[in-house]
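Every chain is numbered from 1 and lettered A, B, ... according to where its sequence line falls, protein lines coming before strand lines.
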Amino acid sequence: MPVQIMSAQEDIISPSEESLLDPRQARSFGEALTLWFKQAARDLPWRRQRDGYRALVSEAMLQQTQVDRVKEPFERFMTRFPDVLALADGSEEDVLALWQGLGYYRRARLLHAAAQVIRDQHHGVVPQDAATLLTLPGVGRYTAGAIASIVFGERAPIVDGNVARVFARFATRSGRPGDRDFDAWCWTLASSVALNVAEPGVVNEAIMELGATVCRKHDPDCAHCPVREACLARASGETALYPEVRVRATRTTMHHHVLVCIRRTTSVSAPEVLLVQRPEKGLWARMWQPPSLESKKELMSGTVTSRFALRREPLDLQRIEHRTTHRDIIFHVTRPDVARMTEFSEADLLTALGSPVSRWHLADRLDELGLSNPHRRMIDVAVSESTDQS
DNA sequence: AAGGCGGGGTT
DNA sequence: AACCCAGCCTT
């Protein structure tokens, strides 16, 4: 008998539809996916050896980040912090540096904090059950369920973007991810799967893998889907209609007026760049960058130079556009003439910018610190041009 | 419940 | 140019 969604009887208190796979159908669904996964699974770094720590690190990196972008940073991270105690004892600066380029840098600090909780409250052993994992910083119900089920075999459900897409198509369920009813339906369905299949961790990972490689958002490869016979969207040719599109946040534009100061203490020494640490909260929290002013609108050149405590016009101004999901940032990069560096007071400059924490750092060792990609790039450009001139 | 949080690949 | 991604935390 093919796998089919069965509607549960109406709940008097909650009239919202609750769909469940009955146990027999869940087992059939899981069996098909298990067989498929065992021959179709990609070779990924965190799958080669399974343990709680590797799962914790990989799942943190994979939050809202595509698999291909995580492979290299994961290997780097595991080399530098091979176990949870090494991570817990590491500095936040090193952790942020290793997170370079991954984005959503708060994840790095939360992972660091989680490692310290594990060291201090769990005898240095990564918890193995979803309920305890859920108490760790940066670990939500998806991450807790993923580690508990995939590594330790717990019957814990997981729903990520892939799972939601597979379920929505399989059952032609209307609604959009992020919508309360839709999300609750997904978690209910995931629970009925986890509770009834032989290997819940394998099936959980298989559903995600299916969503990532076969049941793709665009151009799904239904011909190679192990559950195509039971998929309602496939039957009606409506895979493109599920799930419904998520409502998008509006994007705002910000202007960052950046001063890239480069010095050489002697003519032969390597160049150094002046860096400040960003505030505790907000964009690129506690990461390093050249001093800057941020504003909604572009500041006049005179305003910038006076606020920067510079008496003369800067030599050049480079415009760099950087876009993220939530904002467009236009960097206006000013590079003071090295010969004029003595004409302003570094302390006055930093006071004017409200940047209490600063340091001169070797420009060829930026990989020791956490810097955003655009800041790293603009420093590299400035250093290479200053080297050309000398 | 809604908004903030990166960056790059894909369409 | 717009979309999305192995989500989570804060307000």
Novice: So does A/Arg180 get a side-chain nitrogen or oxygen closer than 4.0 Å to the phosphate oxygens (OP1/OP2) of B/dA1?
Specialist: yes
Novice: Using 30° and 60° as the class limits, which term best fits the ring planes of A/Phe182 and A/Trp185: parallel, tilted or perpendicular?
Specialist: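 Because their plane-to-plane angle lies in the 30° to 60° range, the rings of A/Phe182 and A/Trp185 count as tilted.
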Novice: Base, sugar-phosphate or nothing for A/Gly211? Non-hydrogen atoms, less than 4.0 Å.
Specialist: nothing
Novice: What nucleotide among B/dG7, C/dA1, C/dA6 has an atom nearest to a side-chain atom of A/Leu62?
Specialist: C/dA6
Novice: Is the phosphate of B/dG4, meaning OP1 or OP2, less than 4.0 Å from a side-chain N or O of A/Trp284?
Specialist: no
Novice: Of the listed nucleotides (B/dG8, C/dA6, B/dG6), which one gets closest to any side-chain atom of A/Glu209?
Specialist: C/dA6
Novice: Whole angstroms only, please: what is the CZ-C1' distance between A/Arg323 and C/dC4?
Specialist: 14 Å
Novice: Compute the centroid of each ring, for A/Trp284 and then for A/His375, and state whether the two points are separated by less than 6.0 Å.
Specialist: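 When the ring centroids of A/Trp284 and A/His375 are compared, they turn out to be within the sub-6.0 Å range.
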Novice: For the pair made of NZ in A/Lys281 and P in C/dC9, what is the distance, rounded to whole Å?
Specialist: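 So the two atoms are 14 Å apart, to the nearest Å.
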Novice: Please tell me which of A/Arg42 and A/Leu136 maps to the more 5' nucleotide of DNA chain C, matching each residue to the nucleotide holding its nearest heavy atom.
Specialist: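 In this pair, the answer is A/Arg42.
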Novice: Would you indicate what A/Ile147 reaches in the nucleic acid, counting non-hydrogen atoms under 4.0 angstrom: base, sugar-phosphate, or nothing?
Specialist: nothing
Novice: Under the side-chain contact (heavy atoms from CB on, under 4.5 Å) test against A/Leu62, which residue among A/Val67, A/Thr143, A/Asp160 passes?
Specialist: A/Val67
Novice: Base, sugar-phosphate, or nothing for A/Thr143, non-hydrogen atoms under 4.0 angstrom?
Specialist: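 Sugar-phosphate: the residue A/Thr143, judged by heavy atoms under 4.0 Å, touches backbone atoms but no base.
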Novice: Which residue, A/Arg377 or A/His218, contacts DNA chain B at a nucleotide closer to its 5' end, judged by nearest heavy atom?
Specialist: A/Arg377
Novice: How do A/Thr324 and A/Gln64 order along DNA chain C: which one's closest nucleotide is nearer the 5' end?
Specialist: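 Whichever sits nearer the 5' end wins; that is A/Thr324.
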Novice: Indicate the ring-plane relationship of A/Phe29 and A/Phe170, choosing parallel, tilted or perpendicular according to the 30° and 60° boundaries.
Specialist: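 Perpendicular, since the angle between the ring planes exceeds 60°.
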Novice: Examine the base of C/dC8 for any acceptor or donor lying under 3.5 Å from a partner atom in the side chain of A/Arg106, and report the outcome as yes or no.
Specialist: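 Indeed there is one.
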Novice: 5'-most contact on DNA chain B: A/Thr250 or A/Tyr105, nearest heavy atom basis?
Specialist: A/Thr250
Novice: Where the side chain of A/Tyr142 is defined as all heavy atoms beyond and including C-beta, which of C/dC8, B/dG7, B/dG6 is the nearest nucleotide?
Specialist: C/dC8
Novice: Please give, in whole Å, the distance from C/dA6 C1' to A/Phe74 CZ?
Specialist: 13 Å
Novice: Do any side-chain nitrogens or oxygens of A/Arg107 fall under 4.0 Å of OP1 or OP2 in C/dC9?
Specialist: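 Looking at the OP1 and OP2 atoms of C/dC9, neither is under 4.0 Å from any side-chain N or O of A/Arg107.
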Novice: Counting any heavy atom closer than 4.0 Å, what does A/Arg216 reach on the DNA or RNA strands: base, sugar-phosphate only, or nothing?
Specialist: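 Contact class for A/Arg216: none.
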Novice: A/Val70 near the nucleic acid: base, sugar-phosphate alone, or nothing, with a heavy-atom cut-off under 4.0 Å?
Specialist: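 The answer is nothing, as A/Val70 stays clear of every strand by at least 4.0 Å.
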Novice: Heavy atoms under 4.0 Å, any strand shown: does A/Trp46 hit a base, just sugar-phosphate, or nothing?
Specialist: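 Base, at least one base atom sits under 4.0 Å.
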Novice: Regarding A/Arg376 and A/Asn373, is there a side-chain donor-to-acceptor distance under 3.5 Å anywhere?
Specialist: no
Novice: Would you kindly check whether a donor in the side chain of A/Thr65 faces an acceptor in the base of B/dG7, or vice versa, at under 3.5 angstrom?
Specialist: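 Side chain to base: no pair present.
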Novice: With the side chain of A/Arg251 defined as its heavy atoms from C-beta on, choose the nearest nucleotide among C/dG7, C/dA6, C/dA2.
Specialist: C/dA2
Novice: Could you check whether A/Leu110 gets within reach of a base, just the sugar-phosphate, or nothing at all, counting any heavy atom under 4.0 Å?
Specialist: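 Touches sugar-phosphate only.
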Novice: Less than 6.0 angstrom from the centroid, inside 45 degrees of the normal: does A/Arg109 satisfy that with respect to the ring of A/Trp99?
Specialist: no
Novice: Tell me what A/Gly178 touches on the nucleic acid: a base, only sugar-phosphate, or nothing, going by heavy atoms under 4.0 Å.
Specialist: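 A/Gly178: no heavy atom of the nucleic acid under 4.0 Å.
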Novice: Rounded to the nearest Å, what distance is computed from the NE2 atom of residue A/His322 to the P atom of nucleotide C/dA1?
Specialist: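 Atom NE2 in A/His322 sits about 16 Å away from atom P in C/dA1.
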Novice: Are OP1 or OP2 of B/dG8 and a side-chain N or O of A/Asn373 less than 4.0 angstrom apart?
Specialist: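 Result: yes.
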